[in-house]
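Below: the structure, in structure tokens.
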Amino acid sequence: MSIRTATFNKVLTVEIARPEKKNALTQAMYSAMADALVAANTDAGVRAVLITGQPGVFTSGNDIEDFMQRPPASGEGAPMPPVIRFMQALMDCEKPVVAAVTGAAVGIGTTMLLHCDLVYVSDEARLAMPFVSLGLVPEYASSLLLPALLGHAKAAEKLMLGEPFSGSDAVDCGLANAVLPAAEVVNHARRMAERFNNLPPQAVRETKRLMREPQKARIREVMAAESALFGARLRSPEAMEAFQAFFQKRKPDFSLF
Ligand code: COA
């Protein structure tokens, strides 16, 4: 199992721990994270959730081999893919969610931050949403939320060109709260999560709901549209070329498309 969970001092830590693959997320890992987030809602011993990675890497995003071999099933009657269960569980988490971005945060490693409440980033982190470079389209409502946060032009750099950016860029654009030295980011995020222990939990929960609820219906609509396209793109020749190039450690060749 590459997701470790533990509750200490009323903070549930969800630690992504697959360093040999740069914390790439498999279906089993999404399921484990979804289960932990859902359980946190009804666990009175949990006041906040902390999502973190390994030194130098938060997550390199979806496991690209899973994308190739086991693309999420789609269509009427198909079971909900674990990645969608995870996305919904994070969006619907009633407790405050704090992220400690310990290093590289690629794809969903960055888009999930749009659905966390407090985000602390290592000064060594690189964030990127290279969906287009992989022949894919944005997910997790990033096509809606990122332009809303940054404006279209800045969002286009990140979503259409897939330009990587630093932790301080993330703070400047409102995606993160602060940049910390790599050795301090997890402890700082934990201390911030523990601050909820001294606050009235119902008031915290209602405040989060008031802040999130007005946008939820629109976010779900956009996610459904993105997911339909994303599923189709996963099976596209452009994506196949990008995935093969990644594993062959070469640049993809899109000149033929
Ligand atoms: N899926 C599957 N395997 C992955 C992976 C991913 N998302 N990211 C990294 N890995 C694997 C590599 O294939 C490599 O495996 P190997 O040792 O068997 O060859 C191992 O993890 C180490 O990765 P490597 O690329 O050598 O590490 P790096 O430090 O040079 O670069 C990243 C780190 C995160 C910048 C780079 O791995 C990367 O860009 N990964 C892909 C990110 C991506 O496109 N994710 C999908 C977004 S939708």
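Bear in mind that the values here come from a model prediction, so they are computed numbers and not experimental data. The figures that follow rest on heavy atoms only: side chains count, while hydrogens, waters and symmetry mates do not. All ligand and atom numbering here is 1-based and tracks the order in the structure.
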Which residue and non-hydrogen atom of the protein lie closest to [atom], and at what distance in Å?
{"atom": "atom 27 (O) of ligand 1", "result": "Lys22 CE, 3.2 Å"}
{"atom": "atom 7 (N) of ligand 1", "result": "Asn62 O, 3.1 Å"}
{"atom": "atom 2 (C) of ligand 1", "result": "Ile64 N, 3.4 Å"}
{"atom": "atom 12 (C) of ligand 1", "result": "Phe246 CZ, 4.0 Å"}
{"atom": "atom 6 (C) of ligand 1", "result": "Ala24 CB, 3.5 Å"}
{"atom": "atom 44 (O) of ligand 1", "result": "Leu134 CD1, 3.5 Å"}

Salt-bridge test for Asp35 and Arg85: reply yes if a basic N is under 4.0 Å from a carboxylate O, no otherwise. yes

Does the pair Asp169 and Lys154 meet the rule for a salt bridge (charged side-chain N to carboxylate O under 4.0 Å, His left out), with working shown? CA-CA 11 Å; Asp169 290 336; Lys154 292 281 178 197; over 6 Å; no

Nearest 0.5 Å please: distance from the CG atom of Leu149 over to the SG atom of Cys173.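 Result: 5.5 Å between the selected atoms.
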
Within the protein, is there a heavy atom lying under 4.0 Å from [atom]?
{"atom": "atom 19 (O) of ligand 1", "answer": "yes"}
{"atom": "atom 36 (C) of ligand 1", "answer": "no"}
{"atom": "atom 25 (O) of ligand 1", "answer": "no"}
{"atom": "atom 30 (O) of ligand 1", "answer": "no"}
{"atom": "atom 9 (C) of ligand 1", "answer": "yes"}

Among the clusters formed by ILVMFWY side chains lying less than 4.5 Å apart, do Phe196 and Val119 turn up in the same one?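 Hydrophobic grouping puts Phe196 apart from Val119.
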
Option with minimal heavy-atom separation from atom 15 (O) of ligand 1, where the choices are Arg126, Arg18, Lys21: Lys21

If you measure from atom 45 (N) of ligand 1 to every heavy atom of Ala128, Ser60, Ala105, Pro130, which option wins on shortest distance? Ser60

What pairs of residues pass the side chain to side chain donor-acceptor pair (under 3.5 Å) test when at least one of them lies in residues 111-128, not counting sequence neighbours?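 Sorted result for residues 111-128: Thr111-Glu139, Asp117-Lys208.
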
Do any N or O atoms from the side chain of [X] and from the backbone of [Y] form a donor-acceptor pair under 3.5 angstrom?
{"X": "Glu238", "Y": "Arg233", "value": "no"}
{"X": "Asp66", "Y": "Gln27", "value": "yes"}
{"X": "Thr59", "Y": "Asn23", "value": "yes"}

With ring-ring contact (aromatic ring centres under 6.0 Å, His included) as the test, pick out the partner of Phe67 among Phe247, Phe230, Phe246. Phe230

Return all side-chain donor-acceptor pairs below 3.5 angstrom for residues 95-105, not counting sequence neighbours, or 'none' if the list is empty.
| residue | atom | partner | partner atom | Å |
| --- | --- | --- | --- | --- |
| Lys95 | NZ | Ala40 | O | 2.8 |
| Lys95 | NZ | Asp43 | O | 2.9 |
| Lys95 | NZ | Val46 | O | 2.9 |
| Thr102 | OG1 | Gln54 | N | 3.4 |
| Thr102 | OG1 | Gln54 | O | 2.9 |
| Thr102 | OG1 | Val57 | O | 3.0 |

Determine, using heavy atoms of Lys249 and all atoms of ligand 1, whether some pair is separated by less than 4.0 Å.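 Yes, that is the case, since the closest heavy atom of the residue is under 4.0 Å from the ligand.
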
Give a yes/no on ligand 1: does Glu20 have at least one heavy atom closer than 4.0 angstrom to it?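 It does, in that a heavy atom of Glu20 comes within the 4.0 Å cut-off of ligand 1.
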
Please confirm whether Gly107 comes within less than 3.5 Å of ligand 1 when only nitrogen or oxygen atoms on both sides are compared.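 N/O-N/O distance below 3.5 Å does not exist for this pair.
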
Is Val57 touching ligand 1 with its side chain, its backbone, both, or neither, if touching means heavy atoms under 4.0 Å apart? neither

In terms of side-chain heavy atoms, does Thr26 have a donor or acceptor partner in Arg70 at a distance below 3.5 Å?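 No, Arg70 and Thr26 have no side-chain donor paired with an acceptor closer than 3.5 Å.
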
Any atoms of ligand 1 less than 4.0 Å from a non-hydrogen atom of Phe131? List them with their elements.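 Answer for ligand 1: 48 (S).
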
